[in-house]
Protein chains: 2
Amino acid sequence: MTESEKGPTGRRRGRGARERILSASQQLFREQGINRTGMNELCAAAEVSKRTAYQHFTSKDEIVAEYLRRFDPSVLSGVFDRTDLTPRERLLAAFDIPPTTPLCPYIAAAVELHDPQHPASQYAREYKKAVAARLADTAREAGAADPEQLGEQLALLIDGAAARTRVLDADAFPTAAAIATVLIDNAIPATTGDDRRREEVSS
Amino acid sequence: MTESEKGPTGRRRGRGARERILSASQQLFREQGINRTGMNELCAAAEVSKRTAYQHFTSKDEIVAEYLRRFDPSVLSGVFDRTDLTPRERLLAAFDIPPTTPLCPYIAAAVELHDPQHPASQYAREYKKAVAARLADTAREAGAADPEQLGEQLALLIDGAAARTRVLDADAFPTAAAIATVLIDNAIPATTGDDRRREEVSS
DNA sequence: TGTTATGTACACCGATCTGTGTGCTTAAGG
DNA sequence: CCTTAAGCACACAGATCGGTGTACATAACA
């Protein structure tokens with residue numbers, strides 16, 4: 001017990017204030033939205049005094065940007081590293097994220113902040129491009145005719161499923177997965193180097 | 001000149017206050033977002049006193065709901081009535097809305113209001129369902145094997161294009177249209193009753 | 001023991017927001 | 001002319017927001 005517990009009365013010393021703030025923001029910003037979560041509420045949830053919060057971050061905007069950067073896209077990033085799946089299966093696995101979040105936080109941030117110049121909006125843009133790029137890489141690996149195009153198409157399907165899930169309050173990812181299957185089958189001619197079913201070319 | 005001009009000094013009498021408020025909301029809510037547009041600003045743009053505004057609407061939420069209801073989806077609704085196009089062409093024409101709005105206002109409202117019970121959120125849900133239904137009708141008309149599914153898929157593509165356009169700040173509708181083409185070609189077997197190319201079944 | 005970070009508790013500032021209260025002005029209709 | 005409806009200008013209430021100032025408490029280190 002070097003430190004890391006907390007003083008008998010005040011001043012908690014576990015994981016530092018930064019971590020608790022960002023951790024609380026993960027929950028509150030996603031549950032209630034960014035604009036509807038005030039700093040008082042955020043600090044209370046993080047069990048951190050507001051004064052301390054503003055010694056770690058210069059503004060709420062900075063917290064928002066860092067919140068997006070720290071958002072763990074474990075589902076997506078994990079998909080691309082699964083060596084137990086064929087490239088084709090990896091592309092499809094990106095749609096197996098049923099009960100995750102009310103809405104992709106990158107889209108939500110872009111809409112809520114409403115300023116393309118906001119650091120968080122810029123990061124959202126970068127992230128979305130990165131996802132499309134990784135999808136394109138995997139598509140190339142799977143032998144797609146036009147990997148860039150397929151990557152962009154699959155990325156659009158993911159965003160469409162996220163947006164539609166939010167508006168309709170019903171899971172739209174199965175529909176997106178169905179479209180993805182069609183696109184992948186169409187873009188990867190059975191002749192090309194996908195790992196299985198290389199001989200049974202048609203039907 | 002019965003009325004409809006305006007008094008020499010005060011009190012404008014053209015189209016009534018309601019119309020001007022809703023008209024201004026169309027511009028401001030879409031350009032700046034709902035939450036970032038205050039009632040003072042809205043009333044100033046509508047050239048209506050705030051007092052008058054609150055005699056026509058009980059709250060801003062009511063204005064928001066009515067704004068969504070009055071939003072003219074001329075592009076989409078117009079598409080379905082174009083008898084000069086084949087059903088198949090009508091399905092594709094739904095993606096020819098390049099330089100319209102920064103983001104589908106229905107998605108934006110659902111995200112900004114962040115309350116599925118809000119009247120505007122409920123209407124957004126209804127509208128999105130209605131669009132999918134009309135797409136399904138058209139798909140059925142075009143002879144699709146599973147019209148409901150194709151309608152839902154195309155609706156997802158539209159939402160995906162809208163969301164992605166907003167986040168990336170680049171038009172994603174061409175990509176969506178490309179996917180739509182594939183889906184439609186896949187769902188409507190050339191043997192079925194599409195109006196042209198009925199004989200040249202393959203190649 | 002004393003110093004220095006680090007944190008807390010809490011009041012507070014200024015801005016902005018939705019919504020009202022009040023008194024005045026104008027147009028329409030008899 | 002007088003009444004009634006509609007609107008305007010403007011101040012203001014009450015709440016919330018992001019962010020600060022201040023005084024005090026604790027832990028680590030010298």
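In this text the structure is predicted, and so the values were computed from the model without any measurement. Letters go in sequence order (proteins before strands), and every chain restarts at 1.
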Do the ring centers of A:Y127 and A:F71 come within less than 6.0 Å of each other?
->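 Centroid separation for A:Y127 and A:F71: 6.0 Å or greater.
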Round to a whole Å and report the spacing from [atom1] of [X] to [atom2] of [N].
X	N	atom1	atom2	value
A:M39	D:dT16	CE	C1'	14 Å
B:Q55	D:dA9	CD	P	14 Å
A:E19	C:dT6	CD	C1'	16 Å
A:L42	D:dT16	CG	P	17 Å
A:L28	D:dG18	CG	C1'	16 Å
A:N35	C:dT16	CG	P	16 Å
A:R18	C:dG7	CZ	P	11 Å
B:I21	C:dT18	CD1	C1'	14 Å

From the list [options], which nucleotide is the closest neighbour of the side chain of [X]?
X	options	value
B:R20	C:dG7, D:dC8, C:dG19	D:dC8
B:V48	C:dT8, D:dC8, D:dG18	D:dC8
A:K50	D:dA11, C:dT8, D:dT20	D:dT20
B:Y54	C:dG7, C:dT20, D:dG21	C:dT20

When all nucleic acid strands are considered with a 4.0 Å heavy-atom cut-off, which category describes A:N40: base, sugar-phosphate, or nothing?
->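 Touches nothing.
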Classify the nucleic acid contact of B:T58 as base, sugar-phosphate or nothing, counting any heavy atom under 4.0 Å across all strands shown.
->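 Here B:T58 touches no strand at all.
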Spacing of [atom1] belonging to [X] relative to [atom2] belonging to [Y], to within rounding of 0.5 Å:
X	Y	atom1	atom2	result
B:Y67	B:S23	OH	OG	12.5 Å
B:K50	B:E41	NZ	CD	12.5 Å
B:I188	B:L91	CD1	CG	6.5 Å

So, is B:H56 close to the D:dA6 phosphate, meaning a side-chain N or O under 4.0 Å from OP1 or OP2?
->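 So the side-chain polar atoms of B:H56 never come under 4.0 Å of the phosphate oxygens OP1 or OP2 of D:dA6.
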For C:dT8, does OP1 or OP2 lie under 4.0 Å from any side-chain N or O of A:T52?
->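 So the side-chain polar atoms of A:T52 do come within 4.0 Å of the phosphate oxygens OP1 or OP2 of C:dT8, strictly under.
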Mapping A:R51 and A:R36 to their closest nucleotides on DNA chain D, which lands nearer the 5' end?
->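 The 5'-side residue here is A:R36.
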Salt bridge flag under 4.0 Å for residues A:R82 and A:E89 =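 The answer is no: the pair does not qualify as a salt bridge.
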